[in-house]
There are 2 protein chains.
Amino acid sequence: MTVKITDVARHAGVSPSTVSYALSGKRPISAETRARVAASIRELGYRPHAGARALASSKSNVLAMVVPLRAGIHVPVVMGFAVSVVTSARAHDHDVLLVTQEEGEEGLRRVAESALVDALIVMDVQLDDPRLPLLRTLDRPSVLIGFPSAADGMTCIDLDFRAAGEVCVDHLAGLGHRVVGLIGSPPEVYVRQTSFAQRVLQGFTAAATRHGMTSTVHPCEATPAAAREVAERLLREHPALTGVVVHNEAVLDPLLDAFEHLGLRIPADLSITALCPDDLATSLRVPLTSIAIPSAELGEQAVNLLMRKLDGAPVPEATLLPARLTPRASTAHRLTG
Amino acid sequence: MTVKITDVARHAGVSPSTVSYALSGKRPISAETRARVAASIRELGYRPHAGARALASSKSNVLAMVVPLRAGIHVPVVMGFAVSVVTSARAHDHDVLLVTQEEGEEGLRRVAESALVDALIVMDVQLDDPRLPLLRTLDRPSVLIGFPSAADGMTCIDLDFRAAGEVCVDHLAGLGHRVVGLIGSPPEVYVRQTSFAQRVLQGFTAAATRHGMTSTVHPCEATPAAAREVAERLLREHPALTGVVVHNEAVLDPLLDAFEHLGLRIPADLSITALCPDDLATSLRVPLTSIAIPSAELGEQAVNLLMRKLDGAPVPEATLLPARLTPRASTAHRLTG
DNA sequence: TTCCCCCGTCGAAGCGCTTCGACATGGCCC
DNA sequence: GGGCCATGTCGAAGCGCTTCGACGGGGGAA
């Protein structure tokens, strides 16, 4: 059959425990022995049996990642995050098990209690998420992507969406704009109380109020048709509008299109800032001033937090990645007069 | 600590092996005993330890799924497929481990040889895929999404992309069109020899030849700018063009936009058929005549094939899902004269 | 009635690894 | 020079489950 640790031990002329220690480094092993063991491993093509390891050590070296598949979330962002989680986990010698949101709390319970995974990463957290109480009772560490309303005792990380909303408005205010609109996520995202959407909204509104600006908010379905409609309505209802913040990756191009059709030049007549991945912002007809959604960094940091928790180290309860605005060609000073 | 099988056995007044058999059904257990065991399990909240199970049975009940993260693949399709794989796997009491393409052959070898997974699903297969020889040597079953050039001994499944290309052209031919164009995937996809792109192209060309049509082919980057440029060039170089097949989900809306700008009405002046997910086809300004990319069905069938292989049952080497064209508003008879 | 076989259950032997205590060796300190 | 500690290695005991062989009892066939 396949080669096991006793085969390696025999081949290297040491005991199985020595091989194990040489592999894990949990006890000092002489350089010489270590080299001999390494050679035997290579020669025999030895690969520790994951199940045996998990059983003996009560560590599976597997992380669970719960991915959302619901309406209104931007798929590439999720995918980017997922890939970054897997890559980071691998850097820590861990693998990643994919769990769908659909499986709900039972899915989390299953993979955690069967010791299939050592820890969990949960995305798309809602303000009042039903999985929270469960996660508290599981004795496995977890990290949430997003902030629920009662996050005490949980470890949460996310882009600082509130700041993102503010920074966009600040930027527009600095350019002299006085009437601004927020084109947001699809309505169901707000209804669901997914926290990131709410927080952008709060930041947007707060900053607009602070600057004494006139502001308006429009959720928008993730279809080109909806985008055109929202653009039209926005301008009809607010003819003085000169600045727009878009928090909806899926409709950026259709929106630019629609504004163009409506006779507006960007940025001459209308300034636009967006919350979206950088590669999207730079691939449109007008390079957009934007705040990047750092899914890669988010995934990496989430994994780092989890590893620290697995090591028993203390971690901050809340981690907010700073909202960094990159000025591009879609924003300009308001034409006065 | 956590409750284990001996606890359940004691509580139910049976031996551990009886509990195991009651759970697995591998030996007959009286209905009465089974009920008693079930009650004890529920009462104690017992959950078998995955590692122990894997060690004892040499089955982990985990599938590996290799997802591509490369340029030119349409992310929502991959995501839909992934979700469907996880869901189907769960229906067969299996979990799914996410492996990135980036890890390459070593990743496959690792999860397979460490017995972390029982079987593998590999997406984005190239014509001459370096992972093939490896997969042949691994003693774990696998299913490929896509067809390599030498697929003997492998189990492959995919949409019948060649037929898809043909069906689109047949449809246009039936409507009287004589000059047709294919707007394809980004150039790197062809360079990489990803098989699906090639096969669409073959089908397209073969059908056009068969119908005696004039045809032209243009790869297209997945950006709105590229879409506009391709649309322009297409019409400039082939003024008589009246039918277009688009195999590039990312640029559908920009293309419609570009054709409109160029003064073409769809379908009056130009008929368009697409290969894309149904929800995309129906959410654009003009509902597109399209061939759906059935990622959900693909995922489900891939898992079914894998399960059959794990059971030692024979499976077909090649499975082609039929290309079904749904006529919508983007195609019409060519205006003659 | 006797033999056999099948049904339902048990006990014990692993699966391949980690980890703990023990032990041998060789400085180093006093 | 004897005691100690640090270093390097070994042996054995599990980790929690599955599975194989065995066994008792009851029913059908002869």
Side-chain angles (χ1 to χ4, degrees), chain A residues 1-38 40-41 44-62 93 110 112-118 139 310, chain B residues 1-38 40-41 44-62 93 110 112-118 139 310:
Chain A
M1 282 285 292
T2 68
V3 26
K4 40 203 184 201
I5 201 171
T6 51
D7 300 326
V8 175
R10 196 174 328 113
H11 187 274
V14 298
S15 78
S17 50
T18 299
V19 176
S20 178
Y21 286 125
L23 239 32
S24 70
K26 295 194 178 172
R27 283 202 184 173
I29 296 290
S30 68
E32 186 188 359
T33 305
R34 231 181 305 123
R36 206 141 32 84
V37 168
S40 297
I41 288 181
L44 301 180
Y46 169 66
R47 197 74 81 158
H49 186 289
R53 204 179 255 240
L55 177 56
S57 68
S58 38
K59 284 185 197 323
S60 67
N61 274 36
V62 175
D93 196 29
R110 183 175 54 80
E113 295 189 343
S114 69
L116 231 189
V117 306
D118 294 335
D139 56 349
L310 282 172
Chain B
M1 285 283 290
T2 68
V3 26
K4 40 200 178 202
I5 201 170
T6 52
D7 300 325
V8 174
R10 196 175 326 114
H11 186 273
V14 298
S15 78
S17 51
T18 300
V19 175
S20 177
Y21 287 125
L23 239 32
S24 71
K26 294 194 178 173
R27 283 200 183 175
I29 296 290
S30 69
E32 187 188 358
T33 304
R34 232 181 305 125
R36 207 141 32 83
V37 168
S40 297
I41 288 179
L44 301 179
Y46 168 67
R47 196 78 77 159
H49 186 287
R53 204 179 255 238
L55 177 57
S57 68
S58 39
K59 283 183 197 326
S60 67
N61 274 34
V62 174
D93 196 30
R110 183 174 54 81
E113 294 189 343
S114 69
L116 231 190
V117 306
D118 295 335
D139 58 348
L310 282 172

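Residue numbering restarts at 1 for every chain, and letters A, B, ... go by the order of the sequence lines.
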Among D:dG8, D:dT18, C:dG16, which nucleotide has an atom closest to any side-chain atom of A:Ser30?
D:dG8

Closest to the side chain of B:Pro28, out of C:dC17, C:dG8, C:dC15, is C:dG8

Apply side-chain contact (heavy atoms from CB on, under 4.5 Å) to the pair B:Ile41 and B:Leu23, showing each step before the final yes or no.
CA-CA 10 Å; B:Ile41 288 179; B:Leu23 239 32; 3.4 Å; yes

Applying salt bridge (Lys or Arg N to Asp or Glu O under 4.0 Å) to B:Arg47 and not counting sequence neighbours gives A:Glu106, A:Glu113

Position toward the 5' end of DNA chain D (nearest nucleotide), A:Arg34 or B:Lys4
A:Arg34

Give the minimum heavy-atom separation between A:Tyr46 and A:Val3, together with the two atoms involved.
CD1-O, 3.4 Å

Within this structure, what is the CZ-to-P distance between A:Arg10 and C:dC17, rounded to whole angstrom?
12 Å

Using whole Å, what does the distance between atom P of nucleotide D:dC17 and atom CG of B:Asn61 come to?
14 Å

Which of the following nucleotides, D:dG14, D:dC10, C:dT19, is nearest to the side chain of A:Ala56?
D:dG14

Interatomic spacing from CG in A:Asn61 to CG in A:Leu310 - rounded to 0.5 Å:
8.5 Å

N or O in side chain of A:Ser20 less than 4.0 angstrom from C:dT18 OP1/OP2
yes

Going by the salt bridge (charged side-chain N to carboxylate O under 4.0 Å, His left out) test, which pairs reach into residues 7-21 of chain B, not counting sequence neighbours?
B:Asp7-B:Arg10

Mapping A:Pro48 and B:Thr33 to their closest nucleotides on DNA chain C, which lands nearer the 5' end?
B:Thr33

Can any side-chain N or O of B:Arg27 pair as donor or acceptor with the backbone N or O of B:Tyr21 at less than 3.5 Å?
no

Would you tabulate the nitrogen or oxygen pairs shorter than 3.5 Å linking the protein to nucleotides 11-13 of chain D?
| residue | atom | partner | partner atom | Å |
| --- | --- | --- | --- | --- |
| D:dG11 | N7 | A:Ser17 | OG | 3.4 |
| D:dG11 | O6 | A:Ser17 | OG | 3.1 |

What is the distance, to the nearest angstrom, from the CD atom on B:Glu32 to the P atom on C:dG8?
11 Å

For a quick test of reading the model: is some side-chain N or O of A:Ser57 closer than 4.0 Å to OP1 or OP2 of C:dT18?
no

In whole angstroms, the gap separating P of D:dT18 from NZ of B:Lys26 amounts to 8 Å

Measure across B:Ser40 and B:His11 and return the closest heavy-atom pair with its distance rounded to 0.1 Å.
OG-ND1, 2.8 Å

Rounded interatomic separation in angstrom, taking CG from A:Asp118 and C1' from D:dC15:
15 Å

Nearest whole angstrom, please: distance from the C1' of C:dT18 to the CZ of A:Arg27.
11 Å

Starting at atom CG of A:Leu44, determine the distance to atom C1' of C:dG16, rounded to an integer number of angstrom.
15 Å

Check the distance between C:dG16's P and B:His49's NE2 and give it to me in whole angstrom.
17 Å

